[in-house]
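Before any comments, here is the structure.
Remember, predicted model here, so these are calculated numbers, not experimental data. Counting begins at 1 with the first residue of the sequence.
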Amino acid sequence: MSDPSPAVSRAFVLAAGLGKRMRPVTATVPKPLVEVAGKALLDHALDRVIEAGIGTAVVNVHYLADLIEGHLARRAEGTDRGPATLVSDERAALLETGGGIRKALPLLGDAPFVVLNSDSFWLEGPASNLRRLIETWDGDRMDGLLLVAPTATSLGYEGAGDFVMDPDGRLERRGERAVAPFIYAGVAILTPGLFADTPEGAFSLNLLFDRAIAAGRLFGMRLDGQWLHVGTPEAIRAAEERVRASARTP
């Protein structure tokens, strides 16, 4: 018996950034096409989308856009790779995370959708974290549901964390706390309604996260596994070593 269709049927993969912290690697290769453990970061993200049962992904492009479009075209030639991909073209102007999604809303439709940073990379636990996120989504209570990772065990992350989470999963900003226990893992489910009355042009998703927090409608789900922050050339090597180590673990 096949799995039922997921409650979320479209994904948006953020692939337009300049990847400045990844230089010199990204001087000639856009960050989404940088390989980790033998596979482009973009393919890691799109494979997660497929594993979660989502059939369509929108990918935005700006920096070295032709290379990303060519990669997607080659991927589409494979008969069983999926998902179906649509391109949101930001060559004219980089719109940041929020503005990029806002521009692509006509391609995403009226239902809640998944957002993934193209460098969202993690070692999976016993079950697909993206499937778990979809199963946890509750549109009656939520405008956004973020995959969050424990700050203390995330590889390649040295910041003070992003969020605190109450027992019901509701998120609040770190505020004046010295350290917060959770970091945003670059994956979320958002409702299109969050983008009402947003500005034209570039803006950050943090604007919408803060709106949802103010309304008591931003929630988190703890990642089961380990989040690997792949933001620099050194982080690539560290992530690959962690992947190799996990493969050796019985």
Side-chain angles (χ1 to χ4, degrees), residues 1-16 32 42 44-61 72 75-76 81-90 95-118 120 122 127-148 163 168-171 184-200 203-223:
M1 183 176 175
S2 61
D3 291 337
S5 298
V8 176
S9 63
R10 299 221 162 188
F12 184 91
V13 181
L14 289 154
L42 179 58
H44 282 288
L46 291 173
D47 287 350
R48 299 281 200 214
V49 168
I50 280 294
E51 290 163 7
I54 297 172
T56 301
V58 179
V59 180
N60 68 339
V61 297
L72 291 173
R75 182 182 170 102
R81 290 294 297 277
T85 53
L86 305 170
V87 171
S88 181
D89 192 334
E90 294 180 26
L95 296 173
E96 298 186 46
T97 51
I101 298 170
R102 184 184 191 274
K103 181 182 191 302
L105 286 177
L107 300 175
L108 291 165
D110 298 328
F113 53 87
V114 169
V115 176
L116 300 95
N117 293 347
S118 57
S120 300
W122 66 87
S128 161
N129 281 282
L130 193 47
R131 277 191 181 271
R132 289 177 56 235
L133 198 72
I134 293 169
E135 290 165 359
T136 303
W137 173 257
D138 180 356
D140 290 337
R141 293 192 303 144
M142 303 172 181
D143 288 333
L145 175 63
L146 277 52
L147 183 65
V148 295
F163 297 105
D168 292 329
R170 192 173 275 105
L171 295 178
Y184 174 49
V187 182
I189 297 176
L190 303 177
T191 179
L194 258 181
F195 292 81
D197 303 319
T198 48
E200 292 281 350
F203 65 92
S204 170
L205 269 180
N206 282 311
L207 170 70
L208 304 188
F209 292 169
D210 289 339
R211 280 186 181 182
I213 287 172
R217 293 179 61 86
L218 189 72
F219 286 75
M221 187 197 79
R222 181 182 178 131
L223 181 143

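- Phe209 has its side chain out of reach of Leu171: every pair of non-hydrogen atoms, C-beta onward, lies at least 4.5 Å apart.
- A donor-acceptor pair under 3.5 Å is absent between the side-chain atoms of Arg10 and the main chain of Ala111, judged by distance alone.
- Partners of Arg132 by salt bridge (Lys or Arg N to Asp or Glu O under 4.0 Å), not counting sequence neighbours: none found.
- Side-chain atoms of Ser118 come within 3.5 Å of backbone atoms of Leu14 as a donor-acceptor pair (strictly under, hydrogens ignored).
- Shortest non-hydrogen contact noted between Phe219 and Arg170 is CZ-NH2, 3.4 Å.
- Among pairs with a residue in residues 98-110, those fulfilling salt bridge (charged side-chain N to carboxylate O under 4.0 Å, His left out) read Arg102-Glu200, at least two apart in sequence or across chains.
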Apply side chain to side chain contact (heavy atoms under 4.5 Å, CB included) to residues Ile189 and Thr136 and explain how you reach the verdict. CA-CA 10 Å; Ile189 297 176; Thr136 303; over 6 Å; no
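- A donor-acceptor contact shorter than 3.5 Å is absent between the side chain of Ser128 and the backbone of Ala52.
- Between the side chain of Glu90 and the backbone N or O of Asn60, no donor-acceptor pair lies under 3.5 Å.
- Smallest separation of non-hydrogen atoms from Leu207 and Phe203: CD2-CD1, 3.9 Å.
- Within the 3.5 Å criterion, the main-chain N or O of Arg217 finds no donor-acceptor partner in the side chain of Arg141.
- A heavy-atom distance below 4.5 Å is not found between the side chains of Phe113 and Val58.
- Within the 4.5 Å cutoff, the side chain of Leu218 has heavy atoms near those of the Phe163 side chain.
- When side chains are defined from C-beta on, Ile134 counts as touching Ile54, because their heavy atoms get closer than 4.5 Å.
- Between Val114 and Val187 the shortest heavy-atom distance is CG1-CG1, 4.2 Å.
- For Arg211, there are no salt bridge (Lys or Arg N to Asp or Glu O under 4.0 Å) partners at least two apart in sequence or on another chain.
- The minimum heavy-atom distance between Pro83 and Val49, with the atom names listed, is CG-CG1, 4.0 Å.
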